[in-house]
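Residue numbers start from 1 in every chain, and the chains themselves are labelled A, B, ... in the order their sequence lines are given, proteins ahead of strands. All values below come from the heavy atoms of this structure, side chains included, with hydrogens, waters and symmetry mates left out.
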Number of protein chains: 2
Amino acid sequence: MGQDIAECCPALLTAPLDEEQAEAVAKVFKALGDPVRLRLLSMIASRSGGEVCVCDLTPAFDLSQPTISHHLKLLRQAGLIDCERRGTWVYYWLLPAATDRLARVLTRPAGAPPADTAAAAR
Amino acid sequence: MGQDIAECCPALLTAPLDEEQAEAVAKVFKALGDPVRLRLLSMIASRSGGEVCVCDLTPAFDLSQPTISHHLKLLRQAGLIDCERRGTWVYYWLLPAATDRLARVLTRPAGAPPADTAAAAR
DNA sequence: CTTCTATCTTGACGTTCATCGATTCAAGGC
DNA sequence: GCCTTGAATCGATGAACGTCAAGATAGAAG
């Protein structure tokens, strides 16, 4: 069924996306479209050592533990992070391939006109 | 008041985002978190000449014209596109600075471990 | 000035989402 | 076995979102 962003690398800014591609990419962007999830991802990605325990994430927010757990689940379903239980604690880490793909989706082909040229020329 | 993504260039994957930064960046990602808006943006960005008339966008979707207009408004409020009325028609174009900034937000610092190393090492 | 076409705005409706409290599950330590 | 602690799931609730039909607005052409 639906295409996965892991398989395709649509060039968003070069050619029109078809519906399947748009659906797959939108799923990941939607996961990033919440400030709590962005901060969670940022805390996980920037952690030296590459992984973070949930118990280190929760106290940084003014939210209940189930809510944090919910957001982590959405990030995981979007393929942005993964986790593993080790004893009593659960550790999360970034899947850099996912953010790399997204960055590529947003990158204009080399040789494109410099930023804002189109607007300035008007 | 709230920070704008135009002013800051937070490195999402390098250091933890603060709440203001997260709010600003999330606003843009949320705009991209819908397949219709992604396809609209893609159609606008990939158009040779740099601009598209609404009348060229609407027939590509199985949606009412007001719905398309609504999505275009959200993309514009996110700072991703801009528009101008010229006679009877309204033309939209990409603001490349916005997508450039987003791509940079998602880019890992040079020298970071290759994609998925963290997971594979486990 | 009236009419026609292209687009935007408004108001309403059903769906999805973020959040919480309560509960459940998993793993250790007693 | 039975607590204790960390984390996930469940069920409910209010807010935000996507969509449409109807109406409003802007410009061009008669």
Side-chain angles (χ1 to χ4, degrees), chain A residues 2 17 19 22-44 47 51-93 122, chain B residues 2 17 19 22-44 47 51-78 80-93:
Chain A
L17 248 50
E19 291 186 42
E23 201 84 45
V25 180
K27 221 170 278 180
V28 188
F29 278 133
K30 187 184 286 186
L32 295 177
D34 179 279
V36 174
R37 287 194 290 272
L38 267 188
R39 287 181 60 206
L40 282 169
L41 187 72
S42 180
M43 293 174 71
I44 294 171
R47 182 59 145 249
E51 37 178 55
V52 195
C53 174
V54 176
C55 58
D56 289 331
L57 297 171
T58 310
F61 298 85
D62 213 24
L63 295 170
S64 70
Q65 177 270 322
T67 298
I68 300 298
S69 194
H70 167 68
H71 285 302
L72 288 170
K73 183 182 190 177
L74 292 187
L75 286 172
R76 195 156 45 84
Q77 288 175 337
L80 289 161
I81 58 177
D82 201 359
C83 67
E84 184 189 58
R85 174 165 220 126
R86 223 168 300 147
T88 309
W89 298 276
V90 177
Y91 293 87
Y92 282 81
W93 59 86
R122 211 147 313 285
Chain B
L17 248 50
E19 292 186 42
E23 202 84 44
V25 179
K27 222 170 279 180
V28 188
F29 278 132
K30 186 183 288 186
L32 295 176
D34 179 280
V36 174
R37 288 194 289 274
L38 267 189
R39 286 181 61 204
L40 282 170
L41 187 73
S42 180
M43 293 174 72
I44 294 171
R47 182 61 143 246
E51 36 180 55
V52 196
C53 173
V54 177
C55 59
D56 288 332
L57 297 172
T58 309
F61 298 85
D62 213 23
L63 295 169
S64 70
Q65 179 274 320
T67 298
I68 299 298
S69 193
H70 168 68
H71 286 301
L72 288 170
K73 184 182 191 176
L74 291 187
L75 286 173
R76 193 154 48 82
Q77 288 176 338
L80 289 161
I81 58 176
D82 202 359
C83 67
E84 185 188 56
R85 175 166 219 126
R86 225 169 298 150
T88 309
W89 296 275
V90 177
Y91 293 88
Y92 282 81
W93 58 86

Would you say dA8(D) has OP1 or OP2 under 4.0 Å from some side-chain N or O of Arg85(A)?
no
In whole angstrom, what separates Tyr91(A)'s OH from dG6(D)'s C1'?
11 Å
Roughly how many Å is it from NZ in Lys73(B) to P in dT10(C), rounded to a whole number?
7 Å
Between Leu40(A) (CG) and dA18(C) (C1'), how many Å, whole number?
13 Å
Value for OH (Tyr91(B)) from CZ (Arg86(B)), rounded to nearest 0.5 Å, stands at 6.0 Å
Any Lys30(B) side-chain nitrogen or oxygen under 4.0 Å from OP1 or OP2 of dA16(D):
no
Closest nucleotide among dT19(D), dA7(D), dT19(C) to the Val36(B) side chain:
dT19(D)
Would you say His71(B) places a side-chain N or O within less than 4.0 Å of OP1 or OP2 belonging to dC17(D)?
no
Judged by nearest nucleotide, the residue sitting upstream toward the 5' end of DNA chain C, Gly33(A) or Gln65(A), is Gly33(A)
What nucleotide, of dC20(D), dC20(C), dA8(D), holds the atom closest to the side chain of Leu63(A)?
dC20(C)
Give the nucleotide from the list dT7(C), dT19(C), dA7(D) with an atom nearest to the side chain of His70(A).
dT19(C)
Separation between CG of Asp34(A) and CG of Leu74(A), rounded to the nearest 0.5 Å
8.5 Å
Pro66(A) vs Trp89(A), nearer the 5' end of DNA chain D by closest nucleotide
Trp89(A)
For atom CG of Leu72(B) and atom P of dG18(D), their distance in whole Å
13 Å
Is the phosphate of dG6(D) approached by Arg86(A) (side-chain N or O, under 4.0 Å from OP1 or OP2)?
no
Taking the six-membered ring of Phe61(B) as reference, does the NZ or CZ atom of Arg39(B) fall below 6.0 Å from its centre and within a 45° cone about the axis?
yes
Find the distance Leu57(A):CG to dA7(D):P and express it as a whole number of Å.
9 Å
Distance in angstrom units between Gln77(A) CD and dA18(C) P, rounded:
12 Å
Looking at every strand, decide which applies to Arg76(B) at a 4.0 Å heavy-atom threshold: base, sugar-phosphate, or nothing.
nothing
Between Thr67(B) and Leu63(B) (side chain of the first, backbone of the second, donor and acceptor by atom type, cut-off under 3.5 Å), is there such a pair?
no
Would you say a side-chain N or O of Thr88(A) is under 4.0 Å from OP1 or OP2 of dA27(C)?
no
Length of the line joining Asp34(B):CG and dT15(C):C1', which is rounded to integer Å
13 Å
Do the side-chain N or O atoms of Tyr92(A) get closer than 4.0 angstrom to the phosphate oxygens (OP1, OP2) of dA8(D)?
yes
Mark yes or no for whether Arg37(B), through its side chain, and Ala31(B), through its backbone, hold a donor-acceptor pair below 3.5 Å.
yes
For Gln65(B), I'd like to know if atom CD has over 12 heavy atoms of other residues, nucleotides or ligands within 6.0 Å.
yes
On the nucleotide dC20(C), are OP1 or OP2 found under 4.0 Å from the side-chain N or O atoms that Ser64(A) carries?
yes
Write down the distance between CD1 (Ile68(A)) and C1' (dC17(C)), rounded to a whole number of angstrom.
15 Å
